[in-house]
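Throughout, numbering of the chain's residues begins at 1 and tracks the sequence.
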Amino acid sequence: MNLIANFAVLASRRTIFDLPVCDLGWDDALVFINELASIPVGQTVVCFVNAHNMLTALRDDEYYRIMSHNLVLPDGIGLNIASQIAHGAPFPANLNGTDFVPAFLTFMETPRRIGLIGGTRSVVEAAAENFRRHTPWHEFVVVSDGYFDKVDTTDVIEELERQKVDILIVGMGTPLQEKWVHDHIRADHARLVLTVGALFDFVSGAVPRAPRTVRMMRLEWAYRLLQEPTRLWRRYVVGIPVFLFHVLRYRFRRRERILSHPEEHGSALQPQSDRKKAS
């Protein structure tokens, strides 16, 4: 992440399991990321973290390390509850990628060339077409679907270099997408990278969104569970209670550490050994 992004994260963040998560509201987040897209040097990778992602980070040191260098936005009610427990207040906004990315594309008035990687070929092509209808002043190019050799990515990288995009949107699922971007995408490929999970499925219409009323009630997770119970039951039925258990346990263990070692309080990041205890 470039220095400007680092400064902004330090100035406006809350830590969940010591991972800095931006606590910007909608308007401030749109303005901030729009400014990042205009910076001619460096690179910022934006990712969206929900309870499932956070549990994955607790089990996967590489993923946690990569996320700590990205610009992390809070996604979902689980992060809100964690923030309430850890910091006494929920996050100002639910900056989930499914809503935030289309809003950002609309907010960004300067025409940009935007590359897409992820999903099946039909899904990503349909998503690109709907993006074009949504924001016709931008140019959307499909660099690749998500079904390529993740070890030998030469063809994908060569196509990305040929397309010369300003912004790259990658939707391949967590933690694969963040690890792949970290290992393969350089600043000269794209100054701003958005890792978006299943966004292309929703934008293309392949997977229906929950009704607006359900989304406003913060129950989209329940709607998705009803739509895909076999695939998602473990994430929501098991994952959410496990996540909240870790949040509570971490809070009390952190209090114990502060009381027993007050001289260590104020450290920006907790030692990895302590973080592992939370998992």
Side-chain angles (χ1 to χ4, degrees), residues 33 37 43-50 52-53 56 63 66 70 75 96-106 108 111-210 220 223-225 227-232 235:
I33 296 178
Q43 182 187 68
T44 302
V45 179
V46 178
C47 54
F48 304 86
V49 173
N50 55 30
H52 173 70
N53 302 147
T56 302
Y63 177 51
I66 290 171
N70 291 350
D75 172 2
N96 68 86
T98 310
D99 292 320
F100 186 83
V101 173
F104 170 63
L105 296 175
T106 303
M108 186 170 49
R112 302 288 184 187
R113 186 169 171 82
I114 302 170
L116 309 180
I117 297 178
T120 64
R121 175 58 62 168
S122 61
V123 163
V124 71
E125 291 282 3
E129 185 57 35
N130 285 337
F131 277 138
R132 293 183 191 110
R133 295 193 189 99
H134 178 71
T135 50
W137 59 93
H138 299 310
E139 186 176 2
F140 295 91
V141 295
V142 175
V143 177
S144 174
D145 58 36
Y147 293 87
F148 56 87
D149 187 337
K150 303 305 186 297
V151 177
D152 182 7
T153 63
T154 303
D155 292 344
V156 175
I157 298 303
E158 288 180 351
E159 178 64 12
L160 181 59
E161 291 172 346
R162 189 179 71 83
Q163 292 292 351
K164 300 186 184 304
V165 302
D166 302 304
I167 297 171
L168 181 63
I169 304 178
V170 180
M172 298 193 299
T174 296
L176 172 61
Q177 60 191 10
E178 289 83 10
K179 291 182 178 181
W180 186 81
V181 167
H182 177 79
D183 290 339
H184 298 283
I185 303 303
R186 305 188 307 266
D188 59 310
H189 292 146
R191 299 296 183 192
L192 180 67
V193 183
L194 306 171
T195 57
V196 297
L199 174 66
F200 299 153
D201 290 331
F202 295 117
V203 173
S204 68
V207 176
R209 292 282 317 265
E220 187 167 13
Y223 180 86
R224 291 192 63 194
L225 178 60
Q227 295 294 312
E228 301 180 85
T230 302
R231 186 173 74 87
L232 297 177
R235 175 182 298 190

- Trace of the side chain to side chain contact (heavy atoms under 4.5 Å, CB included) decision for Met172 with Lys150: CA-CA 11 Å; Met172 298 193 299; Lys150 303 305 186 297; 3.8 Å; yes
- Query: After noting the C-alpha distance and the side-chain angles of Phe100 and Ile33, does the key distance pass the side chain to side chain contact (heavy atoms under 4.5 Å, CB included) rule?
  - Reply: CA-CA 11 Å; Phe100 186 83; Ile33 296 178; 3.6 Å; yes
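Two residues are said to be in side-chain contact when any heavy atoms from C-beta on lie closer than 4.5 Å; Ile169 and Ile114 meet this criterion. Using a 4.5 Å heavy-atom threshold, the side chains of Val170 and Leu194 count as separate. Within the 4.5 Å cutoff, side-chain heavy atoms of Leu168 are placed close to those of Leu160. In this structure, Thr120 and Asp145 have side chains that are not in contact, with every pair of non-hydrogen atoms separated by 4.5 Å or more. Using a 4.5 Å heavy-atom threshold, the side chains of Thr195 and Val45 count as touching. Here the side chains of Leu192 and Arg112 are not in contact, with every heavy-atom distance at 4.5 Å or above.
For Lys164, the NZ atom counts as loosely surrounded, since its 6.0 Å shell holds 12 or fewer non-hydrogen atoms of other residues, nucleotides or ligands.
The nearest pair of heavy atoms linking Val165 to Val141 is CG1-CG2, 3.8 Å. Contact record, Ser144 with Arg121: CA-NH2, 3.9 Å, taken as the closest heavy-atom pair. The shortest non-hydrogen separation linking Ala187 to Arg191 is CB-NH1, 3.4 Å. Between Val203 and Ala127, the shortest heavy-atom contact is CG1-O, 3.7 Å. In this structure, Val124 and Gly118 approach most closely via the heavy-atom pair CB-O, 3.2 Å. The minimum heavy-atom distance linking Glu178 with Cys47 is given by the pair OE2-CB, 4.1 Å.
For Phe48, the ring-ring contact (aromatic ring centres under 6.0 Å, His included) test picks out no residue, with sequence neighbours left out. Listed by chain and number, the residues in a ring-ring contact (aromatic ring centres under 6.0 Å, His included) with His184 are Trp180 (sequence neighbours excluded).
Salt bridge absent: Arg162 and Glu158 never bring a charged side-chain N and a carboxylate O closer than 4.0 Å.
Between atom CD1 of residue Ile167 and atom CG of residue Leu105 there is a gap of 7.0 Å, rounded to the nearest 0.5 Å. Rounded to the nearest 0.5 Å, atoms CZ (Phe148) and CG (Asp155) are 10.5 Å apart. With rounding to the nearest 0.5 Å, the separation of CD in Glu161 from CD1 in Ile157 is 7.0 Å. Within the model, atoms OH of Tyr63 and NZ of Lys179 stand 9.5 Å from one another, a figure rounded to the nearest 0.5 Å. In this structure, the separation between CG on Asp166 and CD on Glu139 is 9.5 Å, given to the nearest 0.5 Å. Put simply, CG on Leu116 and CD on Gln163 are 10.5 Å apart, with the number rounded to the nearest 0.5 Å.
A donor-acceptor contact shorter than 3.5 Å is absent between the side chain of Asp99 and the backbone of Asn96. Not a single donor-acceptor pair under 3.5 Å links the side chain of Thr153 to the backbone N or O of Asp149. Looking only at distances, a side-chain donor or acceptor of Gln177 sits under 3.5 Å from a matching main-chain atom of Gly197. A donor-acceptor pair under 3.5 Å is formed between the side chain of Ser204 and the backbone N or O of Asp201.
Counted by atom type alone, Gln43 and Arg186 present zero donor-acceptor pairs between their side chains at under 3.5 Å.
Each ring pair (Phe, Tyr, Trp, His ring centres under 6.0 Å) pair with one or both residues in residues 187-207, not counting sequence neighbours, would appear here, but there are none.
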